[in-house]
Amino acid sequence: MTDNNTTKHPLTLLGLGDMGTALARTWLAAGHPLTVWNRTAAKAAPLAAEGALLAADPAAAVAANSLVVVCLLDDAGVGSVLDGVDLTGKDLVNLTTGTPAEGRARAAWAEARGARFVDAGIMATPTMIGVPEAGGYVFYSGSRALFDAHRATLEVPAGARYVGGDPGHAALHDVALLSAMYGLFAGVSHAYALIEGEGIAPKDLAPLLSEWLGAMGFFVADAAERLTSKDLTTGVVSNLAMQVAAGGTLLRTAAEQGVGAELISPYLDLMRRRLDADPAAHGGEDTIGAIALLRTGPPGGRKLP
Ligand code: NDP
């Protein structure tokens, strides 16, 4: 079945935690016939008053519609809820956060049971669901045919970004963005710790931090350009040797302020290791060169000089 502008596609949603409940409400508000199931039935009951059909068990919920969306806590939960349920001919959309390998394994698992499958990574909190101006969206990867058939329905709660046929790539995009976010959170936390007890109000530092981080945002595109061209030195104005020296100042300042350096020292250590490996070769590089030291898996992944 294919979505169109005049028909509100019916669907099933398994999982009514904070995220699942927000999703359910937006589909119901948009007029989509919705069948729901949740392990703890009490969470489903309020949705009945909003028009949801309550299924007695996962098998009944899946049988109700061809489009089945799953939003559970983790991949193990998906397996325990859907193992033994007939998925033949179903279009299964997995909004449960997982790793790329879990996404690929779940795709093979679903396809072996006769279903089309896309995995997803939600770049939104429940309060951003159904609020387009909040800017939340969802990464999808896997069956292009499934995504195209149901795009209009999937875009009701939040924007949809398809990132390719590899069912692991939605999770990979999700985790890449979240990992970068935690680097940002770590740096900001360290900055606030440094000023504590100094008579500098966090609210006074906040606009300066935001402005500085915005100005440093150029690093994202600049690093991508260097990783693509493999040119780590042309046009570098803040080279690795200088940055390693400055890193020493950061560490001494943390010690002077009585602040642990564990949030910033891993990145500073990585830069130092890159420099120490060959100061003449790496001293003039951009810091993105340190990425070569990150891969701990099978050799041959990173090809930077
Ligand atoms: P909640 O903890 O609020 O809800 C978890 C849901 O999973 C509940 O429906 C719970 O059922 C169900 N569940 C957990 N384990 C099992 C199991 N073994 N068998 C059956 N059902 C199970 O989480 P959210 O709704 O917030 O998150 C759902 C997914 O969305 C997660 O993968 C999360 O990472 C992702 N997500 C959440 C965001 C957020 O800000 N909340 C943001 C982006 C992604 P029960 O009610 O019975 O406990």
Side-chain angles (χ1 to χ4, degrees), residues 11-29 34-48 50 52-64 68-85 87 92-107 109-110 117-142 153-163 167-182 184-185:
L11 72 155
T12 285
L13 174 62
L14 301 166
L16 297 169
D18 293 336
M19 184 56 80
T21 299
L23 295 167
R25 293 214 152 100
T26 59
W27 275 312
L28 288 169
L34 181 70
T35 300
V36 297
W37 173 86
N38 192 61
R39 178 180 61 180
T40 305
K43 290 186 191 167
L47 292 171
E50 297 173 41
L53 299 168
L54 308 191
D57 53 45
V62 169
V68 177
V69 177
V70 190
C71 187
L72 300 172
L73 187 63
D74 56 24
D75 182 67
V78 177
S80 70
V81 166
L82 289 179
D83 261 338
V85 172
L87 296 178
L92 185 61
V93 176
N94 184 24
L95 294 177
T96 306
T97 300
T99 69
E102 286 171 345
R104 290 175 186 131
R106 191 55 63 195
W109 172 94
F117 180 86
V118 294
D119 203 46
I122 305 174
M123 305 310 300
T125 62
T127 53
M128 296 162 76
I129 297 299
V131 185
E133 59 275 24
Y137 63 88
V138 181
F139 287 121
Y140 293 94
S141 69
T153 302
L154 297 175
E155 282 182 332
V156 168
R161 299 188 188 189
Y162 181 77
V163 289
H169 280 188
L172 192 55
H173 280 75
D174 182 0
V175 171
L177 267 58
L178 292 177
S179 300
M181 177 190 79
Y182 282 118
L184 177 75
F185 288 179

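Values reported hereafter were calculated over all heavy atoms of this structure, with side chains retained and with hydrogens, waters and symmetry mates removed. In each ligand, atom 1 is the first atom listed, and ligand 1 is the first ligand listed. Everything numeric in this text was worked out from a predicted model, so none of it was measured.
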Visitor: Roughly how far, to the nearest 0.5 Å, is the CD atom of E155 from the CZ atom of R161?
Guide: 10.5 Å

Visitor: Report, in ascending order of atom number, the atoms of ligand 1 lying under 4.0 Å from any heavy atom of S80.
Guide: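 Listed by number with element: 18 (N), 19 (N).
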
Visitor: Considering only protein heavy atoms, which is closest to atom 12 (C) of ligand 1, and at what distance to one decimal place?
Guide: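 Nearest neighbour among protein heavy atoms for atom 12 (C) of ligand 1, to 0.1 Å: L72 CD2, 3.8 Å.
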
Visitor: With a heavy-atom distance limit of 4.0 Å, tell me whether V81 approaches ligand 1 through its side chain, its backbone, both, or neither.
Guide: side chain

Visitor: Would you check the N or O atoms of T125, main chain and side chain alike, for any that come under 3.5 Å of an N or O of ligand 1?
Guide: no

Visitor: Within the structure provided, determine whether T21 and N38 are in side-chain contact (heavy-atom separation under 4.5 Å).
Guide: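 Side chain of T21 against side chain of N38, heavy atoms only: no contact under 4.5 Å found.
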
Visitor: Thinking salt bridges, do D119 and R106 make one under a 4.0 Å N-O criterion?
Guide: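 R106 and D119: not salt-bridged.
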
Visitor: Evaluate the side-chain proximity of R25 to L28: yes if any heavy-atom separation is below 4.5 Å, no if none is.
Guide: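 SC-SC contact between L28 and R25 ruled out.
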
Visitor: Looking only at protein heavy atoms, identify the closest one to atom 45 (P) of ligand 1 and say how far it is in Å.
Guide: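 I find the closest protein heavy atom is T40 OG1, 3.4 Å.
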
Visitor: Out of L11, V93, T12, which residue meets the side chain to side chain contact (heavy atoms under 4.5 Å, CB included) rule with V68?
Guide: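 It is T12; the other options fail the test.
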
Visitor: Below 3.5 angstrom, do we get any N/O pair linking A124 and ligand 1?
Guide: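 For ligand 1, there is no N or O atom that lies under 3.5 Å from one belonging to A124.
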
Visitor: Are any non-hydrogen side-chain atoms of R104 and H169 less than 4.5 angstrom apart?
Guide: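 Side-chain contact under 4.5 Å: yes.
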
Visitor: Give yes or no for whether the N/O distance cutoff of 3.5 Å, strictly under, is met between L73 and ligand 1.
Guide: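 L73 vs ligand 1: N/O contact under 3.5 Å present.
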
Visitor: Compute the shortest N/O to N/O distance between T96 and ligand 1 and return yes if it is under 3.5 Å, no if not.
Guide: no

Visitor: Counting only heavy atoms, tell me which of M19, R39, K43 gets closest to atom 17 (C) of ligand 1.
Guide: R39

Visitor: Contact between L73 and T96 at the side-chain level, heavy atoms closer than 4.5 Å - yes or no?
Guide: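 A side-chain contact under 4.5 Å is absent here.
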
Visitor: Which option wins on minimum heavy-atom distance to atom 4 (O) of ligand 1: G17, G136, A44, P58?
Guide: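 Among G17, G136, A44, P58, the closest heavy atom to atom 4 (O) of ligand 1 belongs to G17.
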
Visitor: For I122, counting its heavy atoms only, list the atoms of ligand 1 lying under 4.0 Å from any of them.
Guide: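 Result: 43 (C), 44 (C).
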
Visitor: Starting from atom 3 (O) of ligand 1, find the nearest protein heavy-atom neighbour and note its residue, name and distance.
Guide: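 Minimum-distance protein heavy atom for atom 3 (O) of ligand 1 reads D18 N, 2.9 Å.
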
Visitor: List every atom of ligand 1 that sits less than 4.0 Å from any heavy atom of N38, numbering the atoms from 1 in the order shown and giving each element.
Guide: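 Heavy-atom distances to N38 below 4.0 Å select 8 (C), 9 (O), 11 (O), 45 (P), 46 (O), 47 (O).
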
Visitor: Are side-chain heavy atoms of N94 and V78 found at a separation under 4.5 Å?
Guide: yes

Visitor: If you have a sec, work out which protein heavy atom is nearest atom 40 (O) of ligand 1 and how many Å separate them, to one decimal?
Guide: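 Looking at atom 40 (O) of ligand 1, the protein heavy atom closest to it is P126 CD, 3.2 Å.
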
Visitor: Using side-chain heavy atoms (C-beta onward) and a distance below 4.5 Å, is M19 in contact with L95?
Guide: no

Visitor: Looking only at N/O atoms, are L16 and ligand 1 under 3.5 Å apart anywhere?
Guide: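 Yes.
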
Visitor: Are the side chains of V175 and T99 in touch, meaning some heavy atoms are under 4.5 Å apart?
Guide: no

Visitor: Taking the side chain as everything from C-beta on, heavy atoms only, tell me whether V36 gets closer than 4.5 Å to L53.
Guide: no

Visitor: Out of all atoms in ligand 1, which are within 4.0 Å of some heavy atom of C71? Include the element for each.
Guide: 28 (C), 29 (C), 30 (O)

Visitor: Check this for me - ligand 1, T97, N or O atoms closer than 3.5 angstrom, yes or no?
Guide: yes

